There are 2 protein chains.
Amino acid sequence: MRWREIGETTCSVARTLSVIGDRWTLLILREAFLRTRRFDDFHAHLGLTRHVLTARLNTLVDEGVFEKVRYQDRPPRFEYRLTEKGLDLYPIVIGLTRWGDRWMAGEDGAPVELVHRECGHTMLPELGCPECGGPVNARNVEARPGPALRALLTNDDGARMRRAAPRDDKEKTR
Amino acid sequence: MRWREIGETTCSVARTLSVIGDRWTLLILREAFLRTRRFDDFHAHLGLTRHVLTARLNTLVDEGVFEKVRYQDRPPRFEYRLTEKGLDLYPIVIGLTRWGDRWMAGEDGAPVELVHRECGHTMLPELGCPECGGPVNARNVEARPGPALRALLTNDDGARMRRAAPRDDKEKTR
DNA sequence: CGAGTGAGTTCCTAATTGGAACTCACATCT
DNA sequence: AGATGTGAGTTCCAATTAGGAACTCACTCG
């Protein structure tokens, strides 16, 4: 299986990674959440090549994570703004920050601190259950097949991801 | 800047991505959270090449995300188990699942449903503030320099990431 | 003894990155 | 008018990485 095909599998993790799983993409998003919007600023802050930056911004626009907004005419210039779909990636970026703060900090401590505006506290966000309010972690959650996967389960052979069958585009699992 | 150098920057997102930001790594972790532990099972479920799988498992072990545990002697065989550090990546994998369920589901609906064992509800976890219990999102959190970054801020020139200076390994930002 | 297993390795080809320079459409300065 | 500057890409080539398929190793089993 090639990396470019992972978005076609029946797996939400893989589908998400098909949009934001390439090198540099999540760092571009980190910058976007820090209010960077223009090509040259992304380039200067991140140090990736302009070539790759162009490619990443284009797919992010194609996928609806950014929208390209004109901010001046003559010469026409555009900036990249997070859409609602893009803003909803925040928990992922926070998750990366939280883990880095907790496990990768050197002796100088964490590079960034997160402050919750509503209460003013410095904190590390935690996942919670919107139904009961309790904490959510690896040990108290069960992943069950959802509707899309149950539809495929009838003739599953155990492979969670499979290449597209030659003609029938529906033949992949999880 | 080369991708391999991002772990040396003063940024928690970049440091985390230096461990789990390569192609396939997060899918390997998804599998691990679904209780896959052996080489051939990862290979069969994911369809990546054995070559890349070997490389990814090795860095994950080096970084302390997996530990290699012997499960039989003669011939000696090992399996890969998530450590505490690895289990703590769960919020990231859940974040990816949640976004995929919400934004990438086709008309068949979500591939997976998450059930909270403590209350029995199917749910999409949300980030909350451990201090006040309120919701955490892109609009109500402020990222401030933490101790490690404040130490560097005295002579910052605006670049958030910078290559290591030729000899002085401390000269990078964010 | 021959076949099977689990976990890698090797080798070679195909993609994807990294670096650096070049282009284009204007705006401004001298 | 001509020179210089800006923001946002493009192009080209060398260096890394990934994809495929076959091969190896140390044993176990029938």
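Keep in mind it's a predicted model, so treat the numbers as computed, not measured. Here is the naming used below: chain letters follow the sequence lines, and residue numbers restart at 1 for every chain.
- Residue B:Y80 places none of its side-chain N or O atoms closer than 4.0 Å to OP1 or OP2 of C:dG6.
- Taking only side-chain atoms of A:T49, from C-beta outward, the nucleotide of D:dG19, C:dT17, C:dG19 with the closest atom is C:dG19.
- C:dG8 atom P lies 12 Å from atom CD of B:E79, rounded to whole Å.
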Inset, instruction - Could you walk me through whether A:E63 and A:R15 pass salt bridge (charged side-chain N to carboxylate O under 4.0 Å, His left out), step by step? - result: CA-CA 11 Å; A:E63 297 285 353; A:R15 288 173 178 175; over 6 Å; no
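- Considering only the side chain of A:Y71, D:dA8 comes nearest among D:dA8, D:dG9, D:dT17.
- D:dG19 atom P lies 11 Å from atom NE2 of B:H43, rounded to whole Å.
- Among the nucleotides D:dC27, C:dC26, D:dG20, the one closest to the side chain of A:R74 is C:dC26.
- Counting heavy atoms from C-beta on, the side chains of A:M104 and B:K85 come closer than 4.5 Å.
- Between B:H51 and B:D41, the residue whose closest nucleotide on DNA chain C is further toward the 5' end is B:D41.
- Residue A:D22 contributes atom CG, which lies 11 Å from atom P of C:dG18 at whole-angstrom precision.
- Atoms CG (A:L46) and P (C:dG19) sit 14 Å apart, rounded to a whole Å.
- Taking only distance into account, the side chain of A:R38 never meets the base of D:dG7 through a donor-acceptor pair shorter than 3.5 Å.
- Among the protein residues, A:R77 comes within range of the nucleic acid bases, having at least one heavy atom under 4.0 Å from a base atom.
- For the pair B:R38 and B:Y71, the distance from NZ or CZ to the six-membered ring centre is under 6.0 Å and the angle to the ring normal is within 45 degrees.
- Ring orientation note: the planes of A:H43 and A:F39 are close to parallel, at an angle under 30° on the 30°/60° scale.
- Going from atom CE of B:M1 over to atom C1' of C:dA20 covers 17 Å, rounded to whole Å.
- Each of C:dG8, C:dT16, D:dG20 was ranked by its minimum atom distance to the side chain of B:R23; first place goes to C:dT16.
- Atom CH2 of A:W24 and atom C1' of C:dT16 are 14 Å apart (whole Å).
- In this structure, the NE2 atom of B:H45 is 12 Å from the P atom of C:dA7, given to the nearest Å.
- Taking atom CD of A:Q72 as the reference point, atom C1' of C:dC26 lies 9 Å away to the nearest angstrom.
- With hydrogens and angles ignored, a donor-acceptor pair closer than 3.5 Å exists between the side chain of A:R50 and the base of D:dG9.
- Residue A:F42 is classed as having no contact, given no heavy-atom separation below 4.0 Å to the nucleic acid.
- In this structure, B:L127 CG and A:Y90 OH are separated by 8.5 Å, a value rounded to the nearest 0.5 Å.
- A residue-by-residue look at A:R4 and A:F39 shows that A:F39 has its nearest nucleotide of DNA chain D further toward the 5' end.
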